Amino acid sequence: MKTLIFSLIIVALFAQVGYAQAPLKIGGNQLNVGVGISGWGVPVYIGFDHGFKKDITLGGEFSFRSHNNDYDKNRYRHSIFSLSANGNYHFNTILEIPRQWDLYAGLNIGFYAWRSPSDYRGRNNSGVGVGLQVGGRYFFNEHFGVNLEFGGATVTSGGKFGITYLF
C-alpha cells in the first residue's frame with residue numbers, strides 16, 4: 001500500500017512539471033520500446049514514428065517473441081518475428097487534450113515469420129496481417145514518456161506497454 005501511495009505521489013508531481021510534447025510535430029521523430037501481451041509468449045518490440053502531417057504519424061515496428069508448446073508428445077520452441085508499418089491519427093487537437101497526454105488510433109500492416117524446429121508438424125502462422133490499434137502516452141518531460149496500446153492482428157496482439165523517447 002505504501003508503494004502505491006508513493007507511486008501516485010510521484011506521478012502527480014511529474015504531472016505538474018510535465019512538458020507539452022504531444023502529438024508529435026510535423027517532422028518530429030519518436031522511438032518506442034517495450035513489451036507486449038500475447039497468448040504465444042511475451043513479445044518485445046521497438047518502433048519508430050515520424051510526424052507526417054498535423055495529427056498524423058507514420059511509422060514502423062519490429063517485434064520478437066518465443067513460445068514453447070507441446071505437440072504430439074514433444075516440446076517445441078518457436079520464434080516469431082514481425083516487421084510492420086503503421087499509421088495513426090492523434091486526437092489531441094480535436095478533443096483539446098492536455099499536451100502531456102497523447103491519445104491515438106490507427107491501422108497497421110505487417111509480415112510475421114514463425115521459425116519452428118524442422119521436425120515440428122503442427123500449425124504455424126507466417127504471413128501478412130492487418131490490424132487496428134488504439135493507445136495513449138503520457139510525457140514526463142520534453143523527451144520521455146510511457147505508452148500503453150491495445151490492438152489486434154499483430155505479434156503484440158492484446159496490448160503493449162513501454163517507453164517513448166522524442167528526438
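Being a predicted model, the structure only gives us computed values, none of them experimental.
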Distance col, row I46:CD1 vs L31:CG, nearest 0.5 angstrom, shows 4.5 Å

Here the pair of heavy atoms bringing P98 nearest to N92 is O-ND2, 3.9 Å

Separation between CH2 (W114) and CZ (R65), nearest 0.5 Å, reads 5.5 Å

Inset, instruction - Report yes if the distance between the aromatic ring centroids of F81 and Y112 is under 6.0 Å, otherwise no. - result: no

Hits for side-chain contact (heavy atoms from CB on, under 4.5 Å) against L58, two or more places apart or cross-chain, chain-then-number order -> F52

Value for CG (L24) from CD1 (I56), rounded to nearest 0.5 Å, stands at 12.5 Å

In this structure, CG of L166 is separated from CG of N32 (nearest 0.5 Å) by 8.5 Å

Grouping I, L, V, M, F, W and Y whenever their side-chain heavy atoms are under 4.5 Å apart, do I94 and I26 come out in a common cluster? no

So do the side chains of R77 and S66 get within less than 4.5 Å of each other, counting heavy atoms only?
-> yes

In this structure, CG of N147 is separated from CD of Q30 (nearest 0.5 Å) by 8.0 Å

Scanning both residues in full, the closest heavy-atom pair of Y45 with V35 reads CE2-N, 3.6 Å

Item to check | Any donor-acceptor N or O pair under 3.5 Å, side chains E149, Y104 | outcome: yes

**Request:** With the side chain counted from C-beta on, respond yes when F139 and T164 share a heavy-atom pair under 4.5 Å apart, and no when they do not.
**Result:** yes

Residues passing the side-chain contact (heavy atoms from CB on, under 4.5 Å) test with F48, sequence neighbours excluded, are N29, H50, F167

Taken to the nearest 0.5 Å, the spacing of F161 CZ from L148 CG works out to 7.5 Å

* Asked: Does the side chain of S84 pick up a donor-acceptor pair with the side chain of N108 at under 3.5 Å?
  -> no

Closest non-hydrogen contact found for I97 with L103 is CD1-CB, 3.8 Å

Using only heavy-atom distances, determine whether the side chains of E61 and N86 contain a donor-acceptor pair under 3.5 Å. no

- [ ] Taking the six-membered ring for Trp and the single ring otherwise, decide whether the centroids of F64 and F62 are under 6.0 Å apart.
- [x] no

